[in-house]
Amino acid sequence: MNEQTAEPDKAPEPSEVQPPARPPRVPVFNLPPALFFSLCLLIVIYAVQALVLTDDAVSWLLFTFGFVPARYVIPLSQQGLELFWTPVTYSLLHGSVQHIVFNAFWLMAFGAPVVRRIGTLRFLFFWIFSAAASAALHAILNWGDVSLLIGASGVISGLMGAACRFAFPAERRPMAVAHLNARLSIIDALKSRTVVIFMLLWLVGNALIAVGIPLVGDSDQEIAWDAHIGGFVFGFFLFSLFDQAPRPPAEPTVTEKDMLQS
C-alpha cells in the first residue's frame with residue numbers, strides 16, 4: 001500500500017489592512033448658494049462704496065438707493081423716481097465695516113435655515129417684501145423725516161421671525177435638521193416656551209436700542225429699531241405665504257412595521 005501524505009492546509013493569508021477612510025470634509029461655512037451670493041453682493045457693494053467711490057459718488061449712491069421717509073410727502077413731480085425702488089435697495093447698503101460684519105453674521109445664522117426651507121426664488125421674494133415691510137413701518141413712525149435708512153437689519157429681523165415658525169419645534173424630541181421641522185401655526189408658536197423666550201430677548205434688545213442703548217457698535221450712530229420690528233412682524237405672521245412645508249415622512253409598509261431590528 002502506497003502511503004500518501006497530504007500537504008498540510010495552507011494558512012489563509014491575512015488580508016491587507018486598509019487604512020481607515022477619511023471622513024468627508026465639512027466646509028466651515030456650509031451656506032446655501034443663494035445666501036452665499038447675497039453675502040457676496042453686500043460685501044462687493046460696500047467694498048466699492050468704501051474703496052472706489054469718491055465722497056460725492058457715495059453721497060449720490062446713498063441718496064439714490066437709500067430709503068428716506070420724506071419722499072412720500074413730496075409730490076412726485078418735484079422729485080425723481082427713487083421712492084419706487086428705495087424700499088428694497090436700502091437693504092443692500094451699509095455704513096461701516098462693523099455694520100456689514102454684524103449683519104452678515106446674523107444673516108448667515110438665520111438666513112441659512114430659511115433659504116434651505118423655502119428655496120432661492122421664494123427667498124428672493126421674501127427679501128424684497130420683508131425689506132419693504134421694514135421700510136413701511138419706519139416711514140409710518142417717521143413720517144416726513146429726512147433721515148436716511150440703510151442696512152439689511154430689517155430683512156434679517158424678518159428671517160428671525162420666519163425661523164420662529166419652524167426652527168424651534170414645540171415638542172421635546174431629538175435635535176433634527178431645522179428646515180425639515182413642521183411649520184408651527186401662529187398660536188402654536190406663541191405657546192412654545194423656546195419661541196416666547198427668543199421673542200422676549202429680541203424685543204428687549206430692540207427696546208434698549210430704542211432708548212439709546214446700542215447692543216454693539218457706535219453709540220453715536222442711530223439704529224432704526226422700528227425697521228427691525230416691521231421685518232420681524234412680517235416674517236413671523238406672513239411666513240406661511242412663502243413656505244412650502246416639507247412633506248411628512250411616508251408611512252412604513254406592513255412588512256416594515258412587523259420587522260424587528262437588533
Side-chain angles (χ1 to χ4, degrees), residues 28-51 53 58 61-62 65-68 85-116 118 120 123-138 147-164 167 178 198-199 201-210 212-236 239:
V28 177
F29 296 107
N30 187 18
L31 299 177
L35 186 59
F36 175 77
F37 286 115
S38 298
L39 286 168
C40 290
L41 178 61
L42 298 180
I43 293 171
V44 168
I45 290 174
Y46 180 75
V48 171
Q49 171 187 330
L51 303 176
L53 299 182
V58 171
L61 177 72
L62 297 179
F65 297 101
F67 182 80
V68 180
W85 60 73
T86 52
V88 176
T89 56
Y90 80 92
S91 64
L92 304 177
L93 303 174
H94 291 83
S96 66
V97 172
Q98 190 175 33
H99 189 196
I100 193 171
V101 168
F102 183 76
N103 278 351
F105 173 79
W106 290 110
L107 183 59
M108 287 187 291
F110 288 92
V114 175
V115 175
R116 290 191 178 102
I118 66 178
T120 299
F123 172 67
L124 175 61
F125 283 108
F126 186 93
W127 186 295
I128 292 172
F129 287 107
S130 59
S134 301
L137 184 60
H138 177 72
S147 61
L148 180 72
L149 175 66
I150 59 174
S153 299
V155 174
I156 295 168
S157 296
L159 294 169
M160 290 179 175
C164 287
F198 175 81
M199 293 176 68
L201 292 175
W202 184 88
L203 287 172
V204 168
N206 279 275
L208 293 175
I209 292 173
I213 305 176
L215 302 181
V216 294
D218 186 1
S219 59
D220 295 332
Q221 186 66 40
E222 188 175 354
I223 300 174
W225 58 269
D226 45 10
H228 298 177
I229 293 177
F232 190 92
V233 169
F234 173 87
F236 182 78
F239 173 66

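Values reported hereafter were calculated over all heavy atoms of this structure, with side chains retained and with hydrogens, waters and symmetry mates removed.
The shortest non-hydrogen separation linking Ile150 to Gly66 is CG2-CA, 4.2 Å. Across every non-hydrogen atom of Phe126 and Ala162, the tightest pair is CZ-CB, 4.0 Å. The two residues Ala224 and Leu149 make their nearest non-hydrogen contact at CB-CD1, 3.5 Å. Contact between Gly151 and His99 at its shortest, heavy atoms only, is CA-CE1, 3.8 Å. Considering every non-hydrogen atom in both Val155 and Ser91, the closest pair reads CG2-CB, 4.1 Å.
Interatomic distance, CD1 of Ile118 versus CG of Leu159, reported as 7.5 Å (0.5 Å rounding). Rounding to the nearest 0.5 Å places CZ of Phe110 at 13.0 Å from CG of Leu35. Between atom CH2 of residue Trp85 and atom CZ of residue Phe67 there is a gap of 14.0 Å, rounded to the nearest 0.5 Å. Taken to the nearest 0.5 Å, the CD1 atom of Ile209 stands 10.5 Å off from the CG atom of Asp226. Between the NE2 atom of His228 and the CG atom of Leu137 there is a distance of 11.5 Å, given to the nearest 0.5 Å. In this structure, Tyr46 OH and Asn103 CG are separated by 12.0 Å, a value rounded to the nearest 0.5 Å.
Environment of CZ in Phe198: crowded, with over 12 heavy atoms of neighbouring residues, nucleotides or ligands closer than 6.0 Å. Enclosure of atom CH2 in Trp202 by more than 12 non-hydrogen atoms of other residues, nucleotides or ligands within 6.0 angstrom is indicated.
Judged as a side chain to side chain donor-acceptor pair (under 3.5 Å), and not counting sequence neighbours, Thr86 has no contacts.
In this pair, Phe236 and Phe232 present their aromatic rings parallel. The plane angle is below 30°, not in the 30 to 60° band. Below 30°, between 30° and 60°, or above 60°: for Phe129 and Phe234 the angle between ring planes is below 30°, a parallel geometry.
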| Can you list the steps and then say if Leu107 with Leu42 is a side-chain contact (heavy atoms from CB on, under 4.5 Å)? | CA-CA 11 Å; Leu107 183 59; Leu42 298 180; 4.0 Å; yes

| From CA spacing to verdict: side-chain contact (heavy atoms from CB on, under 4.5 Å), Leu92, Phe65 | CA-CA 9 Å; Leu92 304 177; Phe65 297 101; over 6 Å; no

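Looking at heavy atoms from C-beta onward, Ile229 lies out of side-chain contact with Ser157 at the 4.5 angstrom threshold. Looking only at side-chain heavy atoms (C-beta outward), Phe123 and Pro32 stay at 4.5 Å or farther from each other.
When atom types are taken as modelled, the side chain of Tyr90 and the backbone of Ala131 share a donor-acceptor pair closer than 3.5 angstrom. A donor-acceptor pair under 3.5 Å is formed between the side chain of Ser134 and the backbone N or O of Gly231. In this structure, the side chain of Gln49 engages the main chain of His94 through a donor-acceptor pair within 3.5 Å.
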